[in-house]
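Each remark here refers to the structure printed beneath this line.
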2 protein chains.
Amino acid sequence: MSKDQIRLVDTDIHERVQYEDILEYLDEPFKHYIKNCHWVQEKHMPYTQPSVAGVDRADTVVPDGRLPGTDLAFMQEQLLDDLDHEYGVLTSALDPSPSSMHGWYEMATALASAYNDWQINNWLEKDDRLYGSVHINAHDRDGAIKEIERVGSHPKMVQVLLPIDDIMWGDPFYHPIFEACEKHNLMIGMHHNEPPVYYGKWPRYFIEWHTLISTAHMKIVTNMIFNGVFDKFPNLGLMMIEGGYTWIPHLMWKMDQQYRDLRHEVPWLKRKPSQIFKDQIRVTTQPAEELTKHEFESLVEQMGSDEILCFSTDYPHWDYDSPTRALPNMDPDLKRKIFADNAKAFYPKLP
Amino acid sequence: MSKDQIRLVDTDIHERVQYEDILEYLDEPFKHYIKNCHWVQEKHMPYTQPSVAGVDRADTVVPDGRLPGTDLAFMQEQLLDDLDHEYGVLTSALDPSPSSMHGWYEMATALASAYNDWQINNWLEKDDRLYGSVHINAHDRDGAIKEIERVGSHPKMVQVLLPIDDIMWGDPFYHPIFEACEKHNLMIGMHHNEPPVYYGKWPRYFIEWHTLISTAHMKIVTNMIFNGVFDKFPNLGLMMIEGGYTWIPHLMWKMDQQYRDLRHEVPWLKRKPSQIFKDQIRVTTQPAEELTKHEFESLVEQMGSDEILCFSTDYPHWDYDSPTRALPNMDPDLKRKIFADNAKAFYPKLP
């Protein structure tokens, strides 16, 4: 391999569990509800699916007909080997997604544990390149902490995955979760489930909802920064996953302006919000807005840091980003940072 | 006046009514409820006020003690004469604000009419520089159309003011309002009232809420563009008021990207969203994020148009922007556009 070659660290890969695969990791009565009562998680989104394979690329359906992301061998062939990944961080598919359940929280907590065991056995311990996310039930704080204590010290678990939803994670009520993360050298990964972006309602079309996902990311970053999470937990890092990346300069400028005017309200903030962002927040690029080289360079300059962006494919989703096509050509040093070094520097457990 | 001098067209000035001033324009029983039952509009916001004069600059309190924005002579002295305004567009203060009332819609409709008459008599017909906004009750579509028919042809009414809230103005249900606007050469002005930006809830601090106002602006622009308002009403223009301006490139890039992927869902869109934005949407600058000259120029370049931004002071609010200090130095041609010509080109009724 030439010295200039960059091997990809992919910060967003969606492996998917099927209900039948998770049964062996579930205790009763939860197993019974799935196996005999045919329970499946509720779905909210009213829209048509974006592609002929639903939310996935049509060519990622496993050749035997199973759903995209369910088969390690096929993912190795189609993604990890084909693109020569150095590392990939698993972020799970949505169904079942314990963190997005509203109600029946014992089931959600049990599902999170089962999911983590299934993930460790079938993915993390089967491929050296793959690292994982600790799943928790977002509505059971103390259960979440127990789960972090149970699996968080696994050497291949790099982050705790929290949903971007109507939960205000900056609230001190949730800070014990961040304390547990620091204890286990885990970062926070945040990914939206199905946030009702229009004041708790669905907008009229999928294209509106999908456009406004970035506003959901802006909300939680704002909430966590101004509520002092990053001042209280200086070793904590936050990876914002799958919201695109062009919103960053706007939010930095806006927060800094508000900080100048209103910091009397949040006296625990000792750094400008943009500095907190640069120090402790990273952003995966997908779904990458399509910029010219000049636009991309001016945007990174506006961020004031080339250490924030981390490339992600979002495999196997319908709007997958190709590492050779999604971003414009760029300076080799910047490219090495975005495609590999920024993520390596961010996750303490990555080699 | 030298040829190079630019006289300001100020696109956001808040005049304020007091309950006692509006009584003469109200019919019974509404007058009775205010005068004898001491009705005042409900308030929602739980936060401390940002400044010692509440939401206003301390020095804008009228010398006789009345609230900021209530007195034309004092506003002339402190704002219009002092800065030598060419024109100013009135956008009202929030209390009472018929468009933000939830419930008792007959009262809200009556208040909107009374407010318009008070505004015409006491402001628009008393100062040649001042232009006005038609107020309507956002929850009474047919009443709103009647009110536009009643006062919309006044030569100094330049726009209909709609609240940025949880209403999806792109919904075809509201399109008759835009039809009435086109008929009277009125643009739409959109200003947030107190949108519950965190999924219908208040975030924990005012600084969070005020930061996230820009996401409320992004939501309604997204909703109106993708629901085809600007394709259906090609003469309609939308002025986004008081959300700052650095969000524009992000939203353009994001919407264009989504349009490339998902336009099958909105086949009525014949132009790229960024093109619709450039053709029919304008944005007032206040509260201006504080950018360097280089950052400002790169941002305007990213917008792909120097015709979008329109300067506003937001007098007499606490975060008022001074025309000599809020924006960085810029090229004189660009400055003339932002401080005067863009607004003149946008509002058909401005000379």
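Residue numbering restarts at 1 for every chain, and letters A, B, ... go by the order of the sequence lines. Heavy-atom basis, side chains included; hydrogens, waters and symmetry copies ignored.
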Contact leader toward chain A among Asn223(B), Ile248(B), Asp261(B), Thr292(B), where contacts are heavy-atom pairs under 4.5 Å: Asn223(B)
Point-to-point distance, once rounded to the nearest 0.5 Å, from CD of Gln302(B) to OG of Ser298(A): 4.0 Å
Validation row, ring centre Trp169(B) to ring centre Tyr198(A) under 6.0 Å: no
Heavy-atom contact with chain B under 4.5 Å, split by part of Leu299(A): both
Backbone N/O of Phe206(B) and side chain of Glu265(A): donor-acceptor pair under 3.5 Å: yes
Heavy-atom contact with chain B under 4.5 Å, split by part of Asp165(A): backbone
Ring centroid separation Trp202(A) to Tyr199(B) under 6.0 Å: no
Asp59(B), CG: over 12 other non-hydrogen atoms inside 6.0 angstrom: yes
Side chain proximity check, Pro172(B) to Arg204(A), heavy atoms < 4.5 angstrom: yes
Nearest-0.5 Å distance, CD of residue Gln258(A) to NE2 of residue His210(B): 5.5 Å
Flag side-chain contact, heavy atom, 4.5 Å: Trp247(A) against Leu251(B): no
Residues which pass side-chain contact (heavy atoms from CB on, under 4.5 Å) with Ala288(B), listed by chain and number, not counting sequence neighbours: Tyr245(B), Asp321(B), Ala326(B), Leu327(B)
Chain B contact via Leu269(A) - side chain, backbone, both or neither, heavy atoms under 4.5 Å: neither
Winner by heavy-atom pair count (cut-off under 4.5 Å) against chain A, out of Tyr259(B), Trp253(B), Phe226(B): Trp253(B)
Among Thr215(B), Thr246(B), Thr222(B), Ile207(B), residue most engaged with chain A (heavy-atom pairs, under 4.5 Å): Ile207(B)
Greatest number of heavy atom pairs closer than 4.5 Å to chain B - which of Arg260(A), Glu301(A), Met255(A): Arg260(A)
Separation of His250(B) NE2 from His250(A) NE2 (nearest 0.5 Å): 7.5 Å
Euclidean distance, Glu289(A) CD relative to Lys254(B) NZ, rounded to 0.5 Å: 4.0 Å
Portion of Ile225(B) that has a non-hydrogen atom of chain A nearer than 4.5 angstrom: neither
Check: Glu295(B) and Pro249(A) side chains under 4.5 Å, non-hydrogen atoms: no
Heavy atoms from other residues, nucleotides or ligands near NZ of Lys272(A) exceed 12 (cutoff 6.0 Å): no
Side-chain donor/acceptor of Lys219(A) to backbone N/O of Val197(B), under 3.5 Å: yes
Non-hydrogen side-chain atoms of Trp318(B) and Leu262(A) separated by less than 4.5 Å: yes
Donor-acceptor contact present, side-chain Lys201(A) to main-chain Asp166(B), <3.5 Å: yes
Note, Asn227(B) side chain near Glu208(A) side chain (heavy atom, < 4.5 Å): yes
Structural part of Pro287(A) lying under 4.5 Å from a heavy atom of chain B: both
